[in-house]
Protein chains: 2
Amino acid sequence: MQIKVAIVDDDEGIRSSLSALIKRAKDLKLTGEYANGERALAEIPKNLPDVVLMDINLPGMKGYDCVRQLKTAHPAVQFLMLTVYEDSDSLFNSLRAGASGYLLKRTASARLLEAIKDVFEGGAPMSPQLARRVVQFFSQPATDNTSIAKLTPAEREFLDQLSKGYAYKEIADRMDISIDTVRSYVRTVYEKLHVHSRTEAVVKYLRG
Amino acid sequence: MQIKVAIVDDDEGIRSSLSALIKRAKDLKLTGEYANGERALAEIPKNLPDVVLMDINLPGMKGYDCVRQLKTAHPAVQFLMLTVYEDSDSLFNSLRAGASGYLLKRTASARLLEAIKDVFEGGAPMSPQLARRVVQFFSQPATDNTSIAKLTPAEREFLDQLSKGYAYKEIADRMDISIDTVRSYVRTVYEKLHVHSRTEAVVKYLRG
DNA sequence: ATTCCGCTCGCATATTTATGCGATTGGAAA
DNA sequence: TTTCCAATCGCATAAATATGCGAGCGGAAT
């Protein structure tokens, strides 16, 4: 089965080289190419592709705004952003909008074809520099300041379970300890965090 | 120049097959292998590698807790997590701890060698399923937020108080209503959020 | 070797939370 | 105008949580 692909890019040259690339690939099928977001919004619903190659820097609406609207109406369609820019804002705006992949335009043709298959199969292809930026988003600024750092491994594990909403009995089962040991952890953890209720502990844990 | 690699895994078999793989690669050099997080914490600083292959499910401390400590002390070292588990918690805990890549253990050898070079060069290699999970993390506001949006103003105010850790009685005082009205809000809010405990409600509120 | 600490478990009890089944009022929508 | 619903309150009870006062064991540190 062929993967249906659509292209949204205002640059005629890029559009034609992309469409040529897709037409050459026997397991891909081009369903349409659009020069701007407005056209894409109007035309794509009439002939739904599996994957959309979307330029970020379109005249008029931004590529990610176009993605946001299309993705809401057609959640099954996958969006692969193509851009010359490496800036974080475009990246995170696109991800928030529902894009699944993000490649720089200088990506090699072979890699691009691979990426189209990746997104279609549920992956999230991304240029290495951009992937690292996403990963760094999560890494907290090495400040191990909080009182949570003073917890023992078992206590931290317990606190994590607490934050999931499990009852003491369930936590006991999951950690394979008795409910009285759970109660014991409640005491030591609350004391170390200076709290007196589950909610306070969980908030402190989730917020640092 | 060779990339210096260390291995942390409690499974002897996996350790030996990984070390054999690394020894065979001429542009990689094995600097050490450790059976648990505690050993890794003690030994790795004595002979710093460029990249550490870290198992998540270690006896004793979790792999990501080990990463957190080592990364804090040695920010230049890159960590590549290897695990059999695909669960989100391990993934996000690892990323928060400072890991740069995350692969499933069933990853092909060739792909693993490639990934080691990727992290060393500033990339963030990740199994497709996991990459997608990271990407999806960003595109939640459009989906999950709906339940909280359905709350009435008074209910939202109440939920905010709940998340601050106040007891029902305290919330009643602050909102100048009776404790039974508070209980009433508990019911309606829990129903709208589809939860059955304070902790679940608060987590949903803070993460919305 | 002795002390400290992390981990484990038990019993008892006070307080808080969760939930069921109600009611009244005033304002907005039908 | 009748219906709906947010907001308020009440009583009752089961379940969960918070906390006090213990204990034993094994490993690490001094």
Side-chain angles (χ1 to χ4, degrees), chain A residues 147-206, chain B residues 10 34-43 58-62 65-66 69 146-206:
Chain A
S147 41
I148 290 165
K150 293 184 183 298
L151 300 180
T152 68
E155 285 166 349
R156 206 168 298 128
E157 159 88 26
F158 157 75
L159 180 53
D160 193 70
Q161 298 289 317
L162 249 204
S163 76
K164 300 254 172 31
Y166 297 122
Y168 290 174
K169 166 115 186 58
E170 293 175 307
I171 295 175
D173 288 345
R174 282 165 187 273
M175 292 179 67
D176 200 33
I177 53 180
S178 89
I179 194 169
D180 279 302
T181 301
V182 171
R183 289 191 226 268
S184 180
Y185 287 149
V186 171
R187 272 182 285 258
T188 59
V189 168
Y190 283 12
E191 190 175 355
K192 287 182 181 178
L193 299 188
H194 306 295
V195 300
H196 303 279
S197 77
R198 179 172 181 147
T199 302
E200 290 176 290
V202 168
V203 168
K204 200 159 256 194
Y205 176 63
L206 294 178
Chain B
D10 62 308
Y34 316 96
N36 59 59
E38 292 77 6
R39 288 294 305 276
L41 278 183
E43 301 298 327
L58 298 169
M61 78 191 310
K62 290 282 179 187
D65 289 322
C66 184
Q69 294 192 43
T146 35
S147 48
I148 288 168
K150 289 183 184 300
L151 299 180
T152 67
E155 287 166 346
R156 207 169 295 126
E157 155 93 27
F158 157 75
L159 181 53
D160 192 69
Q161 298 289 318
L162 249 204
S163 76
K164 299 240 166 49
Y166 298 121
Y168 290 175
K169 166 117 184 58
E170 293 175 306
I171 295 175
D173 288 348
R174 285 168 182 272
M175 292 179 68
D176 200 33
I177 54 181
S178 89
I179 194 170
D180 279 302
T181 302
V182 171
R183 290 191 226 268
S184 179
Y185 287 151
V186 170
R187 271 182 285 258
T188 59
V189 168
Y190 284 11
E191 190 175 357
K192 287 182 181 178
L193 298 189
H194 306 295
V195 299
H196 302 279
S197 77
R198 181 172 179 149
T199 302
E200 290 176 291
V202 169
V203 168
K204 201 158 256 195
Y205 176 62
L206 295 179

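So that the names make sense, note that chain A is the first sequence line, chain B the second, and so on, each numbered from 1.
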ask   = Does the D:dG20 base have a donor-acceptor partner in the side chain of A:R187 within less than 3.5 Å?
value =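 When only heavy-atom distances are counted, A:R187 does reach the base of D:dG20 through a donor-acceptor pair under 3.5 Å.
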Would you mind classifying the nucleic acid contact of [X] as base, sugar-phosphate or nothing, using non-hydrogen atoms under 4.0 angstrom?
{"X": "A:T181", "result": "base"}
{"X": "B:R198", "result": "sugar-phosphate"}
{"X": "B:S197", "result": "sugar-phosphate"}

Integer-rounded Å distance: [N] [atom2] and [X] [atom1]:
{"X": "B:Y190", "N": "C:dT16", "atom1": "OH", "atom2": "C1'", "value": "11 Å"}
{"X": "B:M175", "N": "D:dC9", "atom1": "CE", "atom2": "C1'", "value": "14 Å"}
{"X": "B:Y168", "N": "D:dA18", "atom1": "OH", "atom2": "P", "value": "12 Å"}
{"X": "A:D173", "N": "C:dC9", "atom1": "CG", "atom2": "P", "value": "12 Å"}
{"X": "B:I171", "N": "C:dT16", "atom1": "CD1", "atom2": "P", "value": "12 Å"}
{"X": "B:E38", "N": "C:dG6", "atom1": "CD", "atom2": "C1'", "value": "13 Å"}
{"X": "A:K169", "N": "C:dT17", "atom1": "NZ", "atom2": "C1'", "value": "20 Å"}
{"X": "B:H196", "N": "C:dG20", "atom1": "NE2", "atom2": "P", "value": "9 Å"}

Hey, does [Y] have a side-chain heavy atom less than 4.5 Å from the side chain of [X]?
{"X": "B:Y168", "Y": "B:V186", "result": "yes"}
{"X": "A:K164", "Y": "A:E170", "result": "no"}
{"X": "A:L193", "Y": "A:L159", "result": "yes"}

task = Starting at OG1 of A:T188, measure out to CG of A:L151 and round the result to the nearest 0.5 Å.
result =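 Result: 7.5 Å between the selected atoms.
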ask   = If you find the nucleotide of DNA chain D closest to B:E155 and the one closest to B:R183, which residue's nucleotide is nearer the 5' end?
value =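 Between the two, 5'-proximity favours B:E155.
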task = Give a yes or no on whether a salt bridge exists between A:D160 and A:R156, defined as a side-chain N under 4.0 angstrom from a carboxylate O.
result =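 No salt bridge links A:D160 with A:R156.
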ask   = Given that A:D180 and A:K192 both sit by DNA chain C, which one's nearest nucleotide is further toward the 5' end?
value =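 Between the two, 5'-proximity favours A:K192.
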query = For C:dG10, does OP1 or OP2 lie under 4.0 Å from any side-chain N or O of A:S178?
reply =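 For A:S178, the contact criterion (side-chain N or O under 4.0 Å from OP1 or OP2 of C:dG10) is met.
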query = Between D:dG10, C:dC7, D:dA18, which nucleotide has the shortest distance from any of its atoms to the side chain of A:A154?
reply =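 Of the candidates, C:dC7 comes closest.
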